[in-house]
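To keep things clear, I will list the structure first and then write my remarks on it.
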Amino acid sequence: MKIGLDIMGGDFAPNATVLGAIAAYKALEPQQQKLVLIGNKDLAQPIFAEQGFNPDLIEFIHTTEVIGMGEHPTKAITQKPNSSIGIGFRMLKEGSLDSFSSAGNTGAMLVGAMFSVKTIPGVIRPAISTIVPKLKKGYGIMLDVGANADCKPDTLLQFGVLGSLFAENIHGVHNPKVGLINIGEEEEKGNMLALATHTLMKDTNMFNFVGNVEGRDLFNDKADVIVCDGFTGNVMLKLAETFYVLTKQKGFEDEFFARFNYEQYGGSPILGVNAPVIIGHGISTPEAIKNMVLLSRSMITTKLIDKIKAAFK
């Protein structure tokens, strides 16, 4: 197993990414699980030295070219093939990596995945998923949270399939409950997209549909998988991310709100492409980077991509 990590991506790279890589290495089984770092080795070497870590334990692909956070995704991917993200996707496509993750340019990661390993046959649009802490215990997932601002009903139906497979294989949820975000629980509520999608989901046997869910149901046990378009999902995600920050600013500790700390989850998988690809938060810390690598490992070991391919045959 070879887990690829872009060490140049993120607001605090390469310091945070290299420190996270060192922490991840210690959590992996080095005989079976190899970490492959892609980026500027000259910048990484002093960090390895400060930590007393032998860089020979990790495979390193050296490049000085980087896709900036503000660059146009499609132009950057095509014009910078030797960037850390460009090399990562090339290696993933060639099969010399089993997964690739970066906390760099989100758009470039999405475009790179679509251009290199491509969408799984049968999948209309890949989706970005995120973790949703539940009030009693455990976690649900929500998708899409930003890849597709506008969606059609059949696309949302497929998000239900993708989310259900992820919840079952990565979180171990048996027969996950799938809910559709709406402005009311009743079938007749919602805009044209929600109404049409509800009809499709109600008639499907591809997952366990439990009906419409509202914003207030996000953190209860009504659904394990929350389906919405990327515009709605991104607004909800950004709102939820502020909960942890606000508790810190107000100076109180709470177990539930502590689980909103993005560091625990590492990153958001792009579901529906032919290999494990994970996008990290731009402000990723070493802890977040470590957990992004460990999530990559879980996606490989559970053969999640093969199971998604089988579902869309």
Could you tabulate the donor-acceptor pairs under 3.5 Å formed by side-chain atoms of residues 13-25, not counting sequence neighbours?
| from | atom 1 | to | atom 2 | distance (Å) |
| --- | --- | --- | --- | --- |
| Thr17 | OG1 | Ile7 | O | 2.6 |
| Thr17 | OG1 | Pro14 | O | 3.0 |

(request) Provide the full list of side-chain hydrogen bond (donor to acceptor under 3.5 Å, both in side chains) pairs with a residue in residues 156-173, sequence neighbours left out, each pair given once. (result)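 As it turns out, the side-chain hydrogen bond (donor to acceptor under 3.5 Å, both in side chains) pairs with a partner in residues 156-173, which skip direct neighbours, are Asn169-Lys307.
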
Hey, can you pull the donor-acceptor pairs under 3.5 Å for the side chains in residues 130-140, sequence neighbours left out?
| from | atom 1 | to | atom 2 | distance (Å) |
| --- | --- | --- | --- | --- |
| Lys134 | NZ | Leu218 | O | 2.9 |
| Lys134 | NZ | Asn220 | O | 2.8 |
| Lys134 | NZ | Ala223 | O | 2.8 |

(message) Suppose we screen for side chain to side chain donor-acceptor pair (under 3.5 Å). Which residues come up paired with Lys222, at least two apart in sequence or across chains?
(response)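 With sequence neighbours excluded, Lys222 shows a side chain to side chain donor-acceptor pair (under 3.5 Å) to Glu185, given in chain and number order.
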
(request) Taking side chain to side chain donor-acceptor pair (under 3.5 Å) as the test, write out the residues that go with Ser268, two or more places apart. (result)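 Residues passing side chain to side chain donor-acceptor pair (under 3.5 Å) with Ser268: none at all.
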
Contacts under 3.5 angstrom, residues 114-124 side chains, donor-acceptor by atom type, not counting sequence neighbours:
| from | atom 1 | to | atom 2 | distance (Å) |
| --- | --- | --- | --- | --- |
| Ser116 | OG | Gly112 | O | 2.6 |
| Lys118 | NZ | Phe115 | O | 3.0 |

(request) Work out which heavy atom in Gly9 is nearest to a heavy atom in Ser102; give both atom names and the distance. (result)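 Nearest pair, atom of Gly9 first, then Ser102: CA-OG, 4.0 Å.
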
(message) Restricting to non-hydrogen atoms, name the atom on Ile3 and the atom on Ser296 that form the minimum distance, rounded to 0.1 Å.
(response) CG2-CB, 3.8 Å

Validation: residues 186-196 side-chain donor-acceptor distances under 3.5 Å, sequence neighbours left out:
| from | atom 1 | to | atom 2 | distance (Å) |
| --- | --- | --- | --- | --- |
| Glu186 | OE1 | Lys189 | NZ | 3.2 |
| Glu187 | OE1 | Lys202 | NZ | 3.1 |
| Asn191 | OD1 | Leu193 | N | 3.3 |
| Asn191 | OD1 | Ala194 | N | 2.9 |

Which residues share a side chain to side chain contact (heavy atoms under 4.5 Å, CB included) with [X], sequence neighbours left out:
| X | value |
| --- | --- |
| Gln33 | Met1, Leu28, Glu29, Arg297 |
| Asn105 | Ile67, Glu71, Pro73, Ala108 |
| Thr247 | Tyr244, Phe252, Phe257 |

(request) Please name the residue in the list Ser83, Ser84, Ser101 that meets the side chain to side chain donor-acceptor pair (under 3.5 Å) test with Asp6. (result) Ser84

(request) Not counting sequence neighbours, which residues clear salt bridge (Lys or Arg N to Asp or Glu O under 4.0 Å) with Lys2? List them please. (result) Glu59

(message) Suppose we screen for salt bridge (Lys or Arg N to Asp or Glu O under 4.0 Å). Which residues come up paired with Glu50, at least two apart in sequence or across chains?
(response)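 For Glu50 there are no salt bridge (Lys or Arg N to Asp or Glu O under 4.0 Å) partners, ignoring immediate neighbours.
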
